[in-house]
Asker: 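A single structure is presented below for examination.
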Amino acid sequence: IENLINNIPLFLYSYIECLIIDNCSSDGTGDRLKHLINNSQYSFKISAFILPKNIGYAGSQKFAYKMLSNLNIGQKVVMLHGDGQYHPDLLLKLYPYFNKDNAIVYGFRSKSLYKRKEETPILTYVVIKILNYVENLITGLNNLEWHSGFVMYSFKYLRKLPIKNLTNSRHIDGEIL
């Protein structure tokens, strides 16, 4: 988690707050989070919730989105995975949309465009691209990806969703889309 936080571009420090959800990690993340927050050298706010039980990938998102929407803070939310699936440098790709009225800004995987930043295992990557192709055929859309977890949502949009009724599967971002 420290690596993820340390790699957030300095340029974004004045635009962001960071909420970390520890979903019962077994690698000592909770203790590292306490140390990180207590000894913060960052000029942005860091908050953490250490959940008492693992509520899964979608559960963590639903928890964060509902909580943040209820607090009525901020305009946008972006989830970065603690395992580094999406490098924090990619936040710069979303920056042009920070003050725009987009409900959703959706990222996508590309091993050709992001050779040093795309870390999805090759088999998973191929399956996702095949699913994406089929889903575009079925829907008649031309989405670059249906299964990206690198998404920026506006709170205005999230507040309209029945978040508790969304799927508990890893396909939550696709369902929101």
Side-chain angles (χ1 to χ4, degrees), residues 1 3-5 7-8 18-30 32-33 47-70 74 76-91 93-94 97 102-155 157-177:
I1 196 71
N3 190 41
L4 186 76
I5 301 295
N7 281 297
I8 293 174
C18 185
L19 171 66
I20 302 169
I21 308 294
D22 179 8
N23 202 3
C24 295
S25 299
S26 59
D27 62 358
T29 297
R32 293 199 320 271
L33 284 175
S47 303
F49 284 87
I50 300 172
L51 301 177
K53 67 176 194 165
N54 188 327
I55 58 175
Y57 173 79
S60 295
Q61 282 184 263
K62 289 162 66 170
F63 174 82
Y65 297 159
K66 190 67 175 168
M67 185 189 65
L68 292 170
S69 289
N70 288 340
K76 309 282 185 180
V77 62
V78 178
M79 185 180 75
L80 290 177
H81 300 255
D83 63 4
Q85 183 176 2
Y86 304 103
H87 195 280
D89 281 350
L90 292 173
L91 290 169
K93 298 282 187 188
L94 299 178
Y97 303 97
N102 301 76
I104 302 173
V105 179
Y106 219 71
F108 64 96
R109 291 171 179 87
S110 174
K111 289 201 177 284
S112 61
L113 289 175
Y114 304 110
K115 290 178 175 91
R116 286 179 266 159
K117 292 183 178 18
E118 171 50 57
E119 296 185 11
T120 307
I122 191 67
L123 181 58
T124 303
Y125 183 86
V126 169
V127 168
I128 287 168
K129 292 302 180 183
I130 292 169
L131 283 171
N132 189 72
Y133 176 78
V134 171
E135 287 160 327
N136 279 336
L137 281 176
I138 291 169
T139 63
L141 298 173
N142 191 24
N143 288 338
L144 292 174
E145 182 159 341
W146 285 87
H147 301 274
S148 177
F150 187 62
V151 186
M152 181 170 67
Y153 298 112
S154 76
F155 283 118
Y157 175 72
L158 287 176
R159 286 184 194 104
K160 294 178 183 179
L161 294 179
I163 292 175
K164 69 178 182 167
N165 296 335
L166 295 173
T167 184
N168 288 319
S169 78
R170 292 191 152 279
H171 190 58
I172 186 169
D173 292 303
E175 185 173 86
I176 292 172
L177 180 64

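Residue numbers start at 1 and run along the sequence shown. This is a predicted model, so every value here is computed, not measured.
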Asker: Should Tyr65 and Phe155 be marked as a ring-ring contact (aromatic ring centres under 6.0 Å, His included) after you check the CA-CA gap, both sets of side-chain angles, and the distance that decides it?
Answerer: CA-CA 8 Å; Tyr65 297 159; Phe155 283 118; 7.9 Å; no
Asker: With distance as the sole criterion, is a donor-acceptor pair present between the side chains of Asn102 and Lys76 under 3.5 Å?
Answerer: no
Asker: Taking the side chain as every heavy atom from C-beta outward, state whether Met79 and Val151 have any pair of such atoms under 4.5 Å apart.
Answerer: no
Asker: If I compare all heavy atoms of Ile1 with all of Arg32, which pair ends up nearest, and what's the gap?
Answerer: N-NH2, 3.9 Å
Asker: Between Leu91 and Met152, is there a side-chain heavy-atom distance shorter than 4.5 Å?
Answerer: no
Asker: Go through the steps for Phe49 and Leu19 under the test side chain to side chain contact (heavy atoms under 4.5 Å, CB included), then give the verdict.
Answerer: CA-CA 8 Å; Phe49 284 87; Leu19 171 66; 3.4 Å; yes
Asker: Could you tell me if the ring centre of Phe108 sits under 6.0 Å from that of Phe150?
Answerer: no
Asker: Apply side chain to side chain contact (heavy atoms under 4.5 Å, CB included) to the pair Ile163 and Gln61, showing each step before the final yes or no.
Answerer: CA-CA 9 Å; Ile163 292 175; Gln61 282 184 263; over 6 Å; no
Asker: So do the side chains of Ser60 and Ile55 get within less than 4.5 Å of each other, counting heavy atoms only?
Answerer: yes
Asker: If you round to the nearest 0.5 Å, how far is CD1 of Ile104 from OH of Tyr153?
Answerer: 6.0 Å
Asker: Would you say Trp146 and Asp173 are linked by a side-chain donor-acceptor pair, where the criterion is simply a distance under 3.5 Å?
Answerer: no
Asker: Quick one: CG on Leu177 to CD on Glu175, what's the gap to the nearest 0.5 Å?
Answerer: 11.0 Å
Asker: Asn23 versus Lys53: any side-chain heavy-atom pair under 4.5 Å?
Answerer: no
Asker: Starting at SG of Cys18, measure out to CD1 of Ile5 and round the result to the nearest 0.5 Å.
Answerer: 3.5 Å
Asker: Checking Val105 against Lys93 for the side chain to side chain contact (heavy atoms under 4.5 Å, CB included) test, could you report, in this order, the C-alpha distance in whole Å, the side-chain angles of both residues, the deciding distance, and whether it holds?
Answerer: CA-CA 10 Å; Val105 179; Lys93 298 282 187 188; over 6 Å; no
Asker: Tell me if the NZ atom of Lys66 is crowded by more than 12 foreign heavy atoms within 6.0 Å.
Answerer: no
Asker: Can you tell me how far CG of Asn132 sits from CG of Asn143, rounded to the nearest 0.5 angstrom?
Answerer: 7.0 Å
Asker: Just how far is it from atom CG of Leu131 to atom NE2 of His171, taken to the nearest 0.5 Å?
Answerer: 9.0 Å
Asker: Could you tell me whether the side chain of Phe63 reaches within less than 4.5 Å of the side chain of Ile21, counting heavy atoms only?
Answerer: yes
Asker: When rounded to the nearest 0.5 angstrom, what distance separates CG in Leu80 from CG in Leu90?
Answerer: 8.5 Å
Asker: Measure across His147 and Ile128 and return the closest heavy-atom pair with its distance rounded to 0.1 Å.
Answerer: CB-CG2, 4.2 Å
Asker: Is the distance between the ring centroids of His81 and Tyr57 under 6.0 Å?
Answerer: yes
Asker: Would you name the heavy atoms of Ser169 and Ala58 that are closest together and state the gap between them?
Answerer: O-CB, 3.2 Å
Asker: Write down the atom of Asp22, the atom of Ser25, and the distance for their closest heavy-atom approach.
Answerer: OD1-OG, 2.7 Å
